[in-house]
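Read the numbers this way: they start at 1 and go in the same order the structure lists the ligands and their atoms. Positions are given from 1 along the sequence.
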Amino acid sequence: MALFHVRMDVAIPRDLDPKVRDETIAKEKAYSQELQRSGKWPEIWRIVGQYSNISIFDVESADELHEILWNLPLFPYMKIEIMPLTRHGSDVK
Ligand SMILES: O=C(O)C[C@H]1C=CC(=O)O1
């Protein structure tokens, strides 16, 4: 198991066909919700006032995360920052 903190900043070009934009956003939502239900994407939070999210992924490996992110329908329009996480030494759990 490997946990990753991921920030996604979305910037859809203003001149993208509105139909393509709406279809891509709908596909993204379905893809994201399937991964959330599977437990691989346990947290997704909107950054207030931005078209950005902070997410936690719980996956087997960096390779698996790469595959998931690479296949995001909005991937071509995103900047992604990833921080691998490990349990803090002072965590009481
Ligand atoms: O809206 C976003 O932050 C981008 C992306 C992540 C999940 C989803 O449904 O859309």
Side-chain angles (χ1 to χ4, degrees):
M1 177 209 96
L3 284 177
F4 293 88
H5 175 285
V6 177
R7 175 177 175 148
M8 301 176 207
D9 297 296
V10 184
I12 299 176
R14 285 182 187 279
D15 61 357
L16 188 67
D17 181 329
K19 190 165 173 277
V20 173
R21 185 196 59 215
D22 292 350
E23 284 170 1
T24 307
I25 290 171
K27 281 184 199 155
E28 176 87 14
K29 184 172 184 174
Y31 180 75
S32 161
Q33 290 186 335
E34 189 184 324
L35 286 160
Q36 289 173 56
R37 289 190 193 98
S38 80
K40 290 185 186 294
W41 192 337
E43 296 286 340
I44 178 167
W45 293 89
R46 180 64 77 212
I47 301 176
V48 175
Q50 298 182 42
Y51 195 175
S52 304
N53 74 71
I54 296 289
S55 292
I56 299 291
F57 284 86
D58 184 349
V59 291
E60 289 302 317
S61 63
D63 284 346
E64 184 182 12
L65 179 64
H66 179 79
E67 201 59 30
I68 286 170
L69 298 176
W70 185 261
N71 285 299
L72 288 167
L74 284 174
F75 182 82
Y77 313 117
M78 276 182 183
K79 184 166 82 82
I80 300 177
E81 287 175 12
I82 300 170
M83 280 185 272
L85 302 176
T86 192
R87 184 72 61 198
H88 195 290
S90 301
D91 191 329
V92 294
K93 282 193 287 302

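- Distance CZ/R7 to CG/N53: 9.5 Å, rounded to 0.5 Å.
- You'll find the side chain of I68 reaches within 4.5 Å of the side chain of Y31, heavy atoms only.
- V59 places none of its side-chain heavy atoms less than 4.5 Å from the side chain of E67.
- In this structure, CG on D58 lies 9.0 Å from CD on E64, to the nearest 0.5 angstrom.
- Proximity to S32 (heavy-atom distance under 4.0 Å) selects the following atoms of ligand 1: 7 (C), 9 (O).
- Which parts of ligand 1 touch K29 is read off a 4.0 Å heavy-atom cut-off, strictly below it: atoms 9 (O).
- Protein heavy atom at the shortest distance from atom 7 (C) of ligand 1 is I44 CD1, 3.5 Å.
- Residue I25 does not touch ligand 1, judged by heavy-atom distances below 4.0 Å.
- Contact of the Y51 side chain with the R46 side chain is registered, since non-hydrogen atoms from C-beta on lie closer than 4.5 Å.
- A salt bridge links E23 with K19: the closest approach of a Lys/Arg side-chain nitrogen to an acidic carboxylate oxygen falls below 4.0 angstrom.
- The shortest N or O to N or O distance between Y51 and ligand 1 is not below 3.5 Å.
- Among all protein heavy atoms, the one lying closest to atom 1 (O) of ligand 1 is R46 NH2, 2.8 Å.
- Below 4.0 Å from some heavy atom of N53 lie the following atoms of ligand 1, by number and element: 2 (C), 3 (O), 4 (C), 6 (C).
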For this session: Given side-chain hydrogen bond (donor to acceptor under 3.5 Å, both in side chains), test T24 with E28 step by step and report yes or no.
Result: CA-CA 6 Å; T24 307; E28 176 87 14; over 6 Å; no
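- The distance from ligand 1 to the heavy atoms of V10 drops below 4.0 Å at these ligand atoms: 4 (C).
- Atom 10 (O) of ligand 1 has E28 CG, 3.1 Å as its closest protein atom, hydrogens excluded (heavy atom only).
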